[in-house]
Amino acid sequence: MFSRFFIDRPIFATVIAIITVMAGGVLVFVLPVAQFPDVAPPTVEVSGAYPGASASVVAETVATPIEQEVNGVEGMIYMESKSASDGSYALTVTFEPGTDLDIATVLVQNRVAIAEPTLPEEVTRQGLTTKKKSTSITMVIMLTSPDGRYNSVYMGNYATLNLRDELSRIEGVGECTIFGGAEYSMRVWLNPEKLKARNLTTQDVVNTIREQNVQVAAGQIGQPPAPSGQSFQFTVNTLGRLEDVEQFENMILKSEGDGRFTRLRDVARVELGAEDYNMICKDTGETGVGILIYQLPGSNALDVVANVRAKMDQLCGNKENGFKGLPTGMEYGYKVDSTEFVNASIREVYITLLQAIALVVVTIFVFLQDWRSTLIPVITIPVSLIGTFAVMAAFGSSINMITLFGLVLAIGIVVDDAIVVVENCSRLIEEGKSPRDAAVEAMKEVSGPIVATTLVLLAVFVPTAMLGGITGTLYRQFSLTI
């Protein structure tokens with residue numbers, strides 16, 4: 001009998017228990033923590049923009065060439081695209097579970113590069129972005145201006161320049177997205193009647209802006225080879241990209257040849273505004289800007305949130321260490337924090353564990369009136385639970401709502417099994433058998449029910465092992481069988 005092997009070798013059994021506790025105690029700090037298991041298949045997103053184009057034009061000129069090349073990329077399950085009326089395009093390619101996202105991103109990017117020569121010039125000039133897409137929003141930070149001093153454009157640009165890069169560098173952060181605040185852009189509102197009166201077209205204005213709003217290398221004066229006696233060499237600095245409204249207004253669109261010029265301000269109104277006004281973000285009626293923090297797959301959500309909060313306090317909450325803090329009239333707050341559920345679940349596990357230990361102590365001591373018999377079930381609880389973390393690490397599972405729920409149920413089953421074994425041993429000892437014979441006889445009687453109870457527990461929770469980790473690879477290899 002398998003149990004007799006350990007009954008005859010108590011030191012060996014104790015060593016195994018200690019090793020199990022040590023392995024679980026070490027790996028519990030390595031396991032990723034998340035609200036839910038990573039059940040969604042990995043995805044890669046390709047995004048671009050065709051300014052001024054309708055949804056149908058984007059679908060025909062941008063979506064079709066890209067999707068023809070990306071279709072059939074290695075490991076792909078399916079893909080989904082969206083062509084919007086604002087000229088934006090997004091293609092989401094979903095891969096089989098267990099696929100290496102880094103390799104998948106490179107494969108998709110190579111396919112997109114093949115399609116780029118067939119895309120409109122405006123699209124390639126804007127650029128196409130291929131990146132891993134995370135669907136796990138860990139937290140949302142809101143920037144607001146309670147007194148209305150700042151609009152969403154200002155707050156969005158402040159977040160882009162001062163916060164996004166700092167937050168993106170935090171370990172475990174997969175992506176940091178600014179929502180509801182567009183970047184600053186120079187907007188030129190043309191007057192068709194004034195253009196017609198001066199024999200100008202929209203394309204004339206576009207060409208002028210492209211020609212005059214460029215950064216050029218003006219060269220140097222006195223650069224070798226230079227005449228003899230040339231002692232100095234100067235670098236020529238010229239006005240490159242224009243920065244303010246007045247500079248754009250003074251652009252020369254047309255020269256009449258007699259000293260008269262047609263400038264941009266003569267046919268258009270120029271203002272500094274947002275790049276687009278397609279999205280707004282409000283917090284209890286107040287206009288604001290959201291900062292979405294996406295968790296990197298496999299990272300610890302608790303550490304990510306703690307580090308993000310610490311960085312926000314450093315950047316915005318004080319003016320020490322060289323940081324100027326948020327401008328007066330701007331505030332920030334945390335509107336979504338998925339780790340609140342994780343913390344609550346962990347807290348409930350602790351409470352349940354303490355309650356289980358207390359019930360075991362009271363139940364065993366009241367019925368057996370023996371502290372030694374009471375101590376044995378108490379020891380089995382931490383050995384079983386801490387050792388579970390080692391098994392979770394082997395299966396690639398994370399500490400989430402489902403696994404914590406399983407631990408809560410396991411506490412009751414472990415305690416119940418321990419009580420049954422101890423009570424049975426005590427009964428046999430009272431009948432006159434030696435402790436060793438009583439242990440052997442007790443295990444003969446209760447091994448079947450204990451194994452059956454364990455199998456029932458496995459039947460409930462083994463499917464959860466298929467949600468990620470090494471079983472993702474098994475799923476990919478034996479998907480037809482499953």
Trace of the side chain to side chain contact (heavy atoms under 4.5 Å, CB included) decision for Val112 with Val70: CA-CA 7 Å; Val112 173; Val70 174; 4.0 Å; yes
Within 6.0 angstrom of Gln233 CD, more than 12 heavy atoms from elsewhere: yes
Please say whether more than 12 non-hydrogen atoms of neighbouring residues, nucleotides or ligands are located less than 6.0 Å from CD in Glu243. no
Distance from [X] atom [atom1] to [Y] atom [atom2], nearest 0.5 Å?
| X | Y | atom1 | atom2 | value |
| --- | --- | --- | --- | --- |
| Leu264 | Phe248 | CG | CZ | 9.0 Å |
| Ser338 | Met139 | OG | CE | 8.5 Å |
| Phe389 | Thr20 | CZ | OG1 | 14.0 Å |
| Thr287 | Asn151 | OG1 | CG | 9.0 Å |
| Met155 | Met142 | CE | CE | 7.5 Å |
| Ile66 | Thr64 | CD1 | OG1 | 9.5 Å |

Under the side chain to side chain contact (heavy atoms under 4.5 Å, CB included) rule, what do Leu167 and Val308 come out as? Steps first, then yes or no, please. CA-CA 7 Å; Leu167 297 177; Val308 168; 4.2 Å; yes
Please name the pair of heavy atoms, one in [X] and one in [Y], separated by the smallest distance, quoted to 0.1 Å.
| X | Y | value |
| --- | --- | --- |
| Glu171 | Asn307 | O-ND2, 4.4 Å |
| Gly329 | Pro146 | O-CD, 3.6 Å |
| Glu175 | Lys132 | OE1-O, 4.4 Å |
| Glu60 | Pro65 | O-CD, 3.9 Å |
| Val289 | Gly156 | CG2-N, 3.6 Å |
| Met79 | Val93 | CB-CA, 4.1 Å |

Parallel, tilted or perpendicular, as decided by the 30° and 60° cut-offs, for the rings of Tyr158 and Tyr154: parallel
Steps toward side chain to side chain donor-acceptor pair (under 3.5 Å) verdict (Asn71, Tyr78): CA-CA 8 Å; Asn71 187 30; Tyr78 60 88; over 6 Å; no
Report the C-alpha distance between Thr177 and Tyr294 in whole Å, list the side-chain angles of each, state the deciding distance to 0.1 Å, and finish with yes or no for side chain to side chain contact (heavy atoms under 4.5 Å, CB included). CA-CA 8 Å; Thr177 304; Tyr294 291 85; 3.7 Å; yes
Determine whether the side chains of Glu67 and Ser81 contain a donor N or O and an acceptor N or O closer than 3.5 Å. yes
For [Y], does its backbone N or O pair with a side-chain atom of [X] as donor and acceptor, under 3.5 Å?
| X | Y | result |
| --- | --- | --- |
| Thr99 | Phe95 | no |
| Asn213 | Arg241 | no |
| Asn191 | Ala268 | no |
| Arg111 | Glu69 | yes |

Would you indicate whether the side-chain heavy atoms of [Y] and [X] approach each other to under 4.5 Å?
| X | Y | answer |
| --- | --- | --- |
| Val305 | Thr339 | yes |
| Ile141 | Lys335 | no |
| Ile103 | Leu107 | yes |
| Met312 | Tyr334 | yes |
| Leu190 | Leu195 | yes |
| Ile293 | Ile137 | no |
| Thr94 | Val44 | no |
| Asp313 | Tyr332 | yes |

Apply the test side chain to side chain donor-acceptor pair (under 3.5 Å) to residues Asn237 and Thr235: give CA-CA distance (whole Å), side-chain angles for both, the deciding distance (0.1 Å), then the verdict. CA-CA 6 Å; Asn237 295 322; Thr235 300; over 6 Å; no
Any pair with a residue in residues 187-204 that passes salt bridge (charged side-chain N to carboxylate O under 4.0 Å, His left out), sequence neighbours left out, goes on the list, sorted by first then second residue, please. none
Determine, step by step, whether Glu271 and Trp189 satisfy the side chain to side chain contact (heavy atoms under 4.5 Å, CB included) criterion, reporting the C-alpha distance in whole Å, the side-chain angles of both residues, the deciding distance to 0.1 Å, and the verdict. CA-CA 8 Å; Glu271 67 175 5; Trp189 302 92; 3.1 Å; yes
Glu286 with Lys282: basic N within carboxylate O range, under 4.0 Å: no
side-chain contact (heavy atoms from CB on, under 4.5 Å), paired with Gln203, selected from Val205, Val206, Leu200: Val206
